[in-house]
Amino acid sequence: MSVKFTTCTDVRPEVAAFDSYEPGLSIAEIASRYGLSRVIKMASNENPLGVSPRVRQVIADKACEAFRYPQSGNPRLVKALAAQCGVDARRICVGNGSDEIIDLLFRIRCVPGVHNAVAFRPCFGIYPTQARMAGVELRQTPLNSDFSFDFENLLKLVDENTTLAFVTTPDNPSGRIASVDDLEKLARALPPTCLLVVDEAYTEFAGPEHSLLSRLETLPNVALLRTFSKVYALAGLRIGYGILPPVLADYMWRVRLPFSLNILAEEAALAALEDVEFREQTVSLVRRGRDFLTKGLREIGCEVLPSMSNFLMFRPAPGSIDARELHGELLKKGIIIRSLKAYQLPEWLRVSMGTDEENELFLKYTKEILGV
């Protein structure tokens, strides 16, 4: 298609078609709207414990270095990640959140207008956004009615021009997990020219036995994506990484923007990796809260999907108030959870695990609103 620009402010048609990103509701916004002195945010799958004391101290100690550029290639962090994951350091590429890794995968692996990628629906919003920006068709198939993975239908979308296949496990917003055996079968069923990208942003809450990490050496067409935003409590510093085939990681380092991971983020990530106690406390808190809220919500008639992540997807019982009303009434009480309208799931809600106290307050207010 020929596109002719007529002014210096014209943009590509793909860009003109984009809507602005709509962030979730903030604590300050809800506090101001309803005149509240306390607001609890359980909407963005953040770590309810906040930043670990060890990481806070490192950030404070290293703040005086903020005028420096980070070391090119982030070699200390790469080495630490390779050691923790038990892989060759040549497999690791770090970025400004896993979003940057996803963006680079589209740019490196796909020729605009020629190649395509496949994913489930609903999926992480970065997949369709970056596909459009890269001029790449993203083919999607729905999850099963219970939000489990239909790998047979995903494979039906694949052809000789498919270069990326995305699977998120545990999935967002459902919390469902794919078995490693099914993932391995999928990897082997894909054409050798297609890279299976398994997004493991929430894998620490499921456990290492649910990751393909230990099988990578026998699966040359698999990449894993991970993040410091969840279990490591560093969402605001934007740190992600990929565990990739070495050749692909090399190309990614060649084209990645220089210094995309800032010096304080790198120091924080290194400290977070060493803080095993904080990570274990986080996982224990999340699993305890997950069991507590699953049981509590089901007891009051809500449908709750089984989750292996740090959030639950649920909907009010038929005949009670709808999800939109429950979401709005919780906001008035200072509890922010996530509406799933953006996922085309208006009857469902997602709640992130909080502290024990926050989980109890959420369940208490939900019971009051539902009249049970």
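Values reported hereafter were calculated over all heavy atoms of this structure, with side chains retained and with hydrogens, waters and symmetry mates removed.
- Residue pairs meeting the ring pair (Phe, Tyr, Trp, His ring centres under 6.0 Å) criterion with at least one partner in residues 282-304, sequence neighbours excluded, are absent.
- Side chains of D171 and Y202: a donor-acceptor N/O pair is absent below 3.5 angstrom, by distance only.
- Cluster membership check: L326 shares its hydrophobic cluster with W348, using side-chain heavy-atom separations under 4.5 Å among Ile, Leu, Val, Met, Phe, Trp and Tyr.
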Acceptor/donor pairs from residues 110-125 side chains to any protein atom, 3.5 angstrom cut, sequence neighbours excluded:
from, atom 1, to, atom 2, distance (Å)
H115, ND1, V111, N, 2.9
N116, OD1, T162, OG1, 2.6
N116, ND2, D159, OD1, 3.1

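- Following chains of ILVMFWY side-chain contacts shorter than 4.5 Å, one can reach F149 starting from Y343, so the two form part of one hydrophobic cluster.
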Tell me which donor-acceptor pairs under 3.5 Å the side chains of residues 30-37 have, and how far apart each pair is, sequence neighbours excluded?
from, atom 1, to, atom 2, distance (Å)
R33, NH2, E29, OE2, 3.1

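- Interatomic distance, NZ of K230 versus OG1 of T203, reported as 13.5 Å (0.5 Å rounding).
- Rounding to the nearest 0.5 Å places CG of L244 at 8.5 Å from CD1 of I108.
- The pair E329-K332 meets the salt-bridge criterion, since a charged nitrogen lies less than 4.0 angstrom from a carboxylate oxygen.
- Looking at residues two or more places apart in sequence or on another chain, you find no side chain to side chain donor-acceptor pair (under 3.5 Å) involving N359.
- Rounding to the nearest 0.5 angstrom, the gap separating the CG atom in D181 from the NZ atom in K185 is 6.5 Å.
- Here K367 pairs with nothing under the side chain to side chain donor-acceptor pair (under 3.5 Å) rule; sequence neighbours left out.
- Each ring pair (Phe, Tyr, Trp, His ring centres under 6.0 Å) pair with one or both residues in residues 82-114, not counting sequence neighbours, appears once here: F106-F166.
- With values rounded to the nearest 0.5 angstrom, N74 atom CG is found 4.5 Å from E266 atom CD.
- Taken to the nearest 0.5 Å, the NZ atom of K41 stands 7.5 Å off from the CZ atom of R338.
- By the salt bridge (charged side-chain N to carboxylate O under 4.0 Å, His left out) test, D291 pairs with no residue at all, sequence neighbours left out.
- A salt bridge does not link R226 to D199: none of the charged side-chain nitrogens sits closer than 4.0 Å to a carboxylate oxygen.
- No salt bridge links E277 with R279; every basic N to acidic carboxylate O contact stays at or beyond 4.0 Å.
- By the side chain to side chain donor-acceptor pair (under 3.5 Å) test, Q71 pairs with no residue at all, sequence neighbours left out.
- Taking the salt bridge (charged side-chain N to carboxylate O under 4.0 Å, His left out) definition, one finds that K364 meets it with E368, sequence neighbours left out.
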- CA sep, side-chain torsions, deciding dist, call: V247, R90, side chain to side chain contact (heavy atoms under 4.5 Å, CB included): CA-CA 8 Å; V247 172; R90 291 175 298 175; over 6 Å; no
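- Side-chain atoms of R238 and N262 include no donor-acceptor pair closer than 3.5 Å.
- L164 contributes atom CG, which lies 10.5 Å from atom OG1 of T193 (distance to the nearest 0.5 angstrom).
- Looking at E100 and S260, their side chains do bring a donor and an acceptor atom within 3.5 Å of each other.
- By the 4.5 Å heavy-atom criterion applied to side chains, P48 and N310 are not counted as neighbours.
- For the pair R215 and E184, the salt-bridge criterion is met [side-chain N within less than 4.0 Å of a carboxylate O].
- By the side chain to side chain donor-acceptor pair (under 3.5 Å) test, E325 pairs with no residue at all, sequence neighbours left out.
- Residues forming a salt bridge (charged side-chain N to carboxylate O under 4.0 Å, His left out) with R91 (at least two apart in sequence, or on another chain): E217.
- A cation-pi arrangement, defined by a distance under 6.0 Å to the six-membered ring centre and an angle within 45 degrees of its axis, is absent between R176 and F147.
- Partners of D275 according to the salt bridge (charged side-chain N to carboxylate O under 4.0 Å, His left out) rule, which considers only residues two or more places apart in sequence or in another chain, do not exist here.
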